[in-house]
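In what follows, a single structure is set out as structure tokens and then discussed.
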2 protein chains.
Amino acid sequence: MKSSPSTGYVTADDVATAAGVSRWTVNRAFKKDASISAAARAKVLLAAETLGYVPDLRAASLASDHSNLVAILIDDFANPHKLVMLERLTRVLRGRGWDMMLVNTLDRDDAEPALMNARRRRVDATILIGIQFDDEVLEAAHKAQHFKKLIIFARSSENKDTISISVDDRAATLEIAEYVRDRGYKTPFYLAGPRTNSAHLSRKETFLDFWAKEFGVTCDSVAVPAYDSILAADIISETLSNKPENERPDIIVCENDALALGAIDAIRHRLGLRVPDDIAVIGFDDVPQCESPNYRLTTYRQPLMDMANYLVDVLESAENSQLDKTFIGRLVVRESA
Amino acid sequence: MKSSPSTGYVTADDVATAAGVSRWTVNRAFKKDASISAAARAKVLLAAETLGYVPDLRAASLASDHSNLVAILIDDFANPHKLVMLERLTRVLRGRGWDMMLVNTLDRDDAEPALMNARRRRVDATILIGIQFDDEVLEAAHKAQHFKKLIIFARSSENKDTISISVDDRAATLEIAEYVRDRGYKTPFYLAGPRTNSAHLSRKETFLDFWAKEFGVTCDSVAVPAYDSILAADIISETLSNKPENERPDIIVCENDALALGAIDAIRHRLGLRVPDDIAVIGFDDVPQCESPNYRLTTYRQPLMDMANYLVDVLESAENSQLDKTFIGRLVVRESA
DNA sequence: TTGTAGGCGTTATCAT
DNA sequence: ATGATAACGCCTACAA
């Protein structure tokens, strides 16, 4: 038991002295399940309060080898859905006692250094959200095999060393496709996002397959190199501006809302047409803007709260394989399609 | 020097044994400025690579009492500008070797627990971004005086125990006001955000003062209880829908873009009027959507990269007072006003 | 219920 | 340039 430390922080020892107990009793006072008398706890908590003591989580983590800290690696801040995901994730994690580090994976070459960084902090899990964590990056990451848990959130992955928590893309896309068919649209156009090296069947492929089987026609599509509304607007207006009216699609099915919002802008302000009367639009994600009177976008909402809660279940699980899970969301019908 | 540890992590000792040097030499190999021979460093780095060793930052922090980790407390995820700020902040911090914890301050009562949490992690600085950190909360927080650095980002504050990094609201608002005057608008209407207990002069007050002095008239205003576009649209349409044409404002000046985008939606889709012909709109922040062909919002852009870089300067400074700084941004003129 | 050793993986500081 | 000692503040496991 020593007296005041050099660092300026109050330690358990200081509180112990003040409360007239041992340092270990002090620590017990801060644990829920600890076996400690109510009197002792009260005494300790009072002393801690007056001294301004709070336990040091670095030391706790070092000694116990779990930190209740996760790293979230994210790219693609242009997509407004990321803000929604961050809100849900931080809310649920914090509500259940977890902290998170947010890492901006600046570009694809930065993915590995970013993963390395998470390892240095000895986080309990590393969560990947974004488009640049393709199979190749994952392979390289897991070569070293030094992640307690590597979780891919809101994106499916067949990678074996990884836990994937995502919406069932196939089911979702089929629900969208059926809606498009049932509403009588005949000539859909698919607006896809950046191509990745991921092995799984993309939303676009699922949709095109469905349409081909249903009607025996291949519908057109184009890819936008980023999930960016402005870019999507540019590409849609380029693609459609010189098409005669009878070759025009009657609906644009978009891989996500970022693209869909751009598509609506282009249809109205570049092509001078109406949504949905001339061309309908359908999105994916249900970002807040979808509800704006300007867009009223029909879209597919992922059950993000459920997914985030399941993520914490995974964090708190002793297992770290066989934990993949897909979720079913729902189509939110508004006026855009 | 012990052999393989129980935790599964490779330690500096393991590398030391493998490389035939001492543990301290291993650590030196990972420091830029360390005095170590090139040969020794190469030997160590090779051994580390094959063993998969990376330094443990928890232990480093515990021993050195600085973590290169900051906590960012943020609320108001409805405002799309938050995503931009997060992008810039994470980019600059990471580029300069800092990690950040992101904490969602769920509501006002959660501010104190959230601050406590940052203390438990012994972060080098706590950064506050949001509206709920008013003077009262700051007071309570600093009563305990246990923050190495408490920084208010993108918001001015007169609190003495706090470092405020923000745009010069007064200069910005005056620039906007002069623009409004010079373009010949006569009857501006101010759309404000939630009222806070902050002591400083708000943008709204600055604008109203200017207009009163310039023309001797008080312009109308209304407050939206959250920085939320949908809500802003509702309130604008309520407020203006039953005004006769001659009492209608010719421009709506908004405290930020979230409100401004909602105002535009309301003007078009609820009031059936045109922007800017019937009513012009001006915002603040320059969120990405401003550039959309649908909005083309005239707005004021904060120099976020400069501000973020200055934030890191502050983190790396030995001082922790007299560090307040305000920045000057610029008006970005588009077609909405 | 309460106290005690020993260890977690670094760094500061001093010694060689 | 390299090695060694003593923290850093807590937790696990066990003893009293």
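Chain naming here is simple, since letters A, B, ... match the order of the sequence lines and numbering starts at 1 in each. Below, all heavy atoms of this structure are taken into account, side chains as well, without hydrogens, waters or symmetry copies.
Taking 4.0 angstrom as the limit, B:Y53 places a side-chain polar atom (N or O) nearer than this to OP1 or OP2 of C:dT10. The side chain of A:T11 contributes no N or O atom lying less than 4.0 Å from OP1 or OP2 of D:dC8.
Mapped onto DNA chain D by nearest heavy atom, A:R58 and A:H66 fall at different nucleotides, with A:R58 at the one closer to the 5' end. Between A:A63 and B:R41, the one whose closest nucleotide on DNA chain D sits nearer the 5' end is B:R41.
Shown for residues 44-51 of chain B: no residue has heavy atoms falling under 4.0 angstrom of DNA chain C.
Listed nucleotides C:dT11, C:dG9, C:dG3 differ in distance to A:L62; the shortest reach to its side chain belongs to C:dG9. Taking only side-chain atoms of B:S22, from C-beta outward, the nucleotide of D:dT2, D:dT12, C:dG9 with the closest atom is D:dT2. Looking at the side chain of A:W24, the nearest of the listed nucleotides C:dT11, D:dG9, C:dT4 is C:dT4.
On a pure distance criterion of 3.5 Å, a polar donor-acceptor pair joins the side chain of A:R28 and the base of C:dG3.
With A:F77 as the aromatic partner, A:K82 does not meet the cation-pi criteria of under 6.0 angstrom to the ring centre and within 45 degrees of the ring axis.
Axis orientation changes by 30° from one end of the helix from C:dT1-D:dA16 to C:dT16-D:dA1 to the other, with each end axis drawn from 5 pairs and the value rounded to 10°.
Under the side-chain hydrogen bond (donor to acceptor under 3.5 Å, both in side chains) criterion, A:R96 pairs with A:N309, A:D313, A:E316, not counting sequence neighbours.
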